[in-house]
Amino acid sequence: MIFYTDATLAQLSIHKVGNKLTDDLLSLSEQPVIVTDQVLNALLMRYFLSPFEKVNEIYRLFHPSQDLNLNVVFHFAAKMFADPSMFHNGSEQLAKHLFDITSHPKIKSGEFYVAYYSNLQIEGELMDAIGIFKSETKEPYLTVAQQEKAFELRYEQDAINIKKLDKGCLIFNTEKDAGYKVAIIDQTNSTEAVYWTDEFLKLKVRNDNYNQTTNTLSIYKDFVTNKMPEQFDMSKTDKIDLLNRSIKYFKENEQFNLDEFSNEVIANEQGIELFRSYKKNYEAEFETEIADSFSISNAAVKKQARVYKSVLKLDKNFHIYIHGNNELIEKGYDEVMKMNYYKVYFREEL
């Protein structure tokens, strides 16, 4: 979790990063922005930092060669942390880097902000951080000004909605040798997400309990949805039951253990071996090790539970939500109606 209650905005530089494929140029400011207005300062803190309050997944800056200094963002962030007088120059270099890698015509131009914060809290610790943000989406805004005997309407055609940060990144001045702690926001489409996270920042996920929990639940969901039906005769209610049991296991336990999980949730020797093989193949393909035992992240479970479907959709007429014992629902076929049906057992209506 990231909190900015005690944080202060020490420095801020703003540039305009265009798209060379659409002849929209790069425009660099000559000096940082001096923010003296307390209301403006509070608005900027809210605009840039409030979206990060619900971020749990932490990343690292990296480079495929394993030499972190070849990561442009890491290189200039390290310089700015070491010598704050290099801040504005570093912000210019980051803007140039973003402009250089903008190689898709659909990527929007926008204002590019680099901020230096003190006392920004992450995982219970206060530390300095560099914020990198981009605003792309503009909206018209109306203002109403009261005159002596009337009201006057005014408008701003290309204004920024401070409740909608398009892209954001916070680099915390800790664990430098590992690529720092990095949190990101990206509200745009997949093409732009690739250019922001993969090409500009060059990030990899930190392999912590949050990531281990997320990966295990994702792998298991794919396994039940796609792999098991290849080997077993499974109904949709069987799949939903297996998914519900996995979420139940993660919600009721503080520690994940692969053997315990397999025996309690899958409860079938052939299925257990198939899952172990599926997990190993995933680790090899994505070069990501997933431990057989780790502390369960409740935040990750809560997030993954949203994408675990426990709904039977029957034509366009009915949705049946299954939260528990799948033995209380039976599937059949009516010869007279020439249609499938489900029979559901229950004790009382609620």
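What you see below is based on every heavy atom in this structure, not just the backbone, and it leaves out hydrogens, waters and symmetry mates.
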Greater than 12 external heavy atoms within 6.0 Å of Gln255's CD
yes
For Glu254, does the CD atom have more than 12 heavy-atom neighbours from other residues, nucleotides or ligands under 6.0 Å away?
no
Please confirm whether the backbone N or O of Ser297 pairs with a side-chain atom of Thr213, one donor and one acceptor, at under 3.5 Å?
yes
Min side-chain heavy-atom separation Lys176-Leu68 under 4.5 Å:
no
Atom NZ in Lys204, atom CG in Leu61: separation rounded to 0.5 Å?
10.0 Å
In terms of the angle between their ring planes, are Phe294 and Phe250 parallel, tilted or perpendicular, with boundaries placed at 30° and 60°?
tilted
Please determine if Asp241 and Arg245 form a salt bridge, counting it only when a charged side-chain N lies under 4.0 Å from a carboxylate O.
yes
Contact check, side chains of Gln93 and Lys96, non-hydrogen atoms, under 4.5 Å:
yes
Are the side chain of Asp238 and the backbone of Ser235 linked by a donor-acceptor contact shorter than 3.5 Å?
yes
Is any side-chain heavy atom of Tyr4 less than 4.5 Å from a side-chain heavy atom of Ser50?
yes
Closer than 3.5 angstrom, by distance alone: can the side chain of Asp83 be matched with the main-chain N or O of Lys79 as a donor-acceptor pair?
no
Electrostatic pair Glu283-Lys279, nearest N-O below 4.0 angstrom:
yes
Looking at Tyr180 versus Phe81, is the centre-to-centre ring distance below 6.0 Å?
yes
Mind checking whether Leu49 and Phe3 have side chains closer than 4.5 Å, heavy atoms only?
no
Shared ILVMFWY cluster between Leu201 and Val205, side chains joined below 4.5 angstrom?
yes
Shortest non-hydrogen contact from His88 to Ser13?
ND1-OG, 2.7 Å
Donor-acceptor contact present, side-chain His15 to main-chain Leu26, <3.5 Å:
no
Single-linkage hydrophobic cluster Ile130~Ile122, side-chain heavy atoms < 4.5 angstrom
no
Could Glu335 and Lys338 be called an ion pair, given the rule that one side-chain N must be under 4.0 Å from one carboxylate O?
yes
Pairwise distance CG(Asp292) to CG(Asn257) - rounded to 0.5 angstrom
8.0 Å
Near Glu30 CD, under 6.0 Å, is it more than 12 heavy atoms from other residues, nucleotides or ligands?
no
Counting only heavy atoms from other residues, nucleotides and ligands, does the tally under 6.0 Å from NZ of Lys303 exceed 12?
no
Output yes when Glu111 and Lys138 qualify as a salt bridge under the 4.0 Å nitrogen-oxygen rule, no when they do not.
yes
Could you tell me whether the side chain of Lys221 reaches within less than 4.5 Å of the side chain of Gln304, counting heavy atoms only?
no
Is a side-chain N or O of Asn41 found less than 3.5 angstrom from the main chain of Leu9, in a donor-acceptor match?
no
Are side-chain heavy atoms of Leu274 and Asn268 found at a separation under 4.5 Å?
no
Provide the closest heavy-atom pair for Asn161 versus Tyr47 in the form atom of the first, atom of the second, distance.
O-CE1, 3.7 Å
Measure the spacing between CG of Leu217 and CD of Gln212 and express it to the nearest 0.5 Å.
11.5 Å
Count I, L, V, M, F, W, Y as connected when their side-chain heavy atoms are under 4.5 Å apart, and connections chain through other members. Are Val17 and Ile107 then in the same cluster?
yes
Taking the six-membered ring for Trp, is the centroid-to-centroid distance between Tyr220 and Phe261 below 6.0 Å?
yes
Do we see a donor-acceptor contact under 3.5 Å between the side chains of Ser65 and Asp67?
no
Is there a path from Leu243 to Phe232 through hydrophobic residues (I, L, V, M, F, W, Y) whose side chains come within less than 4.5 Å of each other?
yes
So how far is it from Lys239 NZ to Thr225 OG1, rounded to the nearest 0.5 Å?
6.5 Å
Are Phe74 and Phe87 connected, step by step, through hydrophobic side chains (Ile, Leu, Val, Met, Phe, Trp, Tyr) whose heavy atoms are closer than 4.5 Å?
yes
Search all heavy atoms of Ile14 against all heavy atoms of Ser29 and return the closest pair with its distance.
O-OG, 2.8 Å
Nearest heavy atoms of Ser262 and Phe275, plus distance in Å:
OG-CD2, 4.4 Å
For the CG atom of Asp158 and the OG1 atom of Thr137, what is their distance to the nearest 0.5 Å?
11.5 Å
Any chance you could measure Phe172, atom CZ, to Gln121, atom CD, to the nearest 0.5 Å?
9.5 Å
For a quick test of reading the model, state the closest non-hydrogen atom pair linking Pro105 to Thr22 and the distance between them.
O-CG2, 3.9 Å
Main chain of Asp222, side chain of Lys227: is a donor-acceptor contact present, judged purely on distance under 3.5 Å?
no
Assess the side chains of Thr214 and Asn211: does a donor N or O sit below 3.5 Å from an acceptor N or O?
no
Of Tyr116, Tyr117, Tyr113, which meets ring-ring contact (aromatic ring centres under 6.0 Å, His included) against Phe48?
Tyr113
Answer whether the closest heavy-atom distance between the side chains of Leu94 and Met80 falls below 4.5 Å.
yes
Is it the case that atom CD in Glu53 sees more than 12 heavy atoms from other parts of the structure closer than 6.0 Å?
yes
Are the side chains of Val144 and Leu153 in contact, using a 4.5 Å heavy-atom criterion?
yes
For Leu203 and Phe62, work out which heavy atoms get closest and say how close.
O-CE2, 3.4 Å
Heavy-atom count around Lys164 NZ within 6.0 Å, excluding the residue itself: above 12?
no
Go through the steps for Leu165 and Phe133 under the test side-chain contact (heavy atoms from CB on, under 4.5 Å), then give the verdict.
CA-CA 8 Å; Leu165 178 64; Phe133 315 99; 4.0 Å; yes
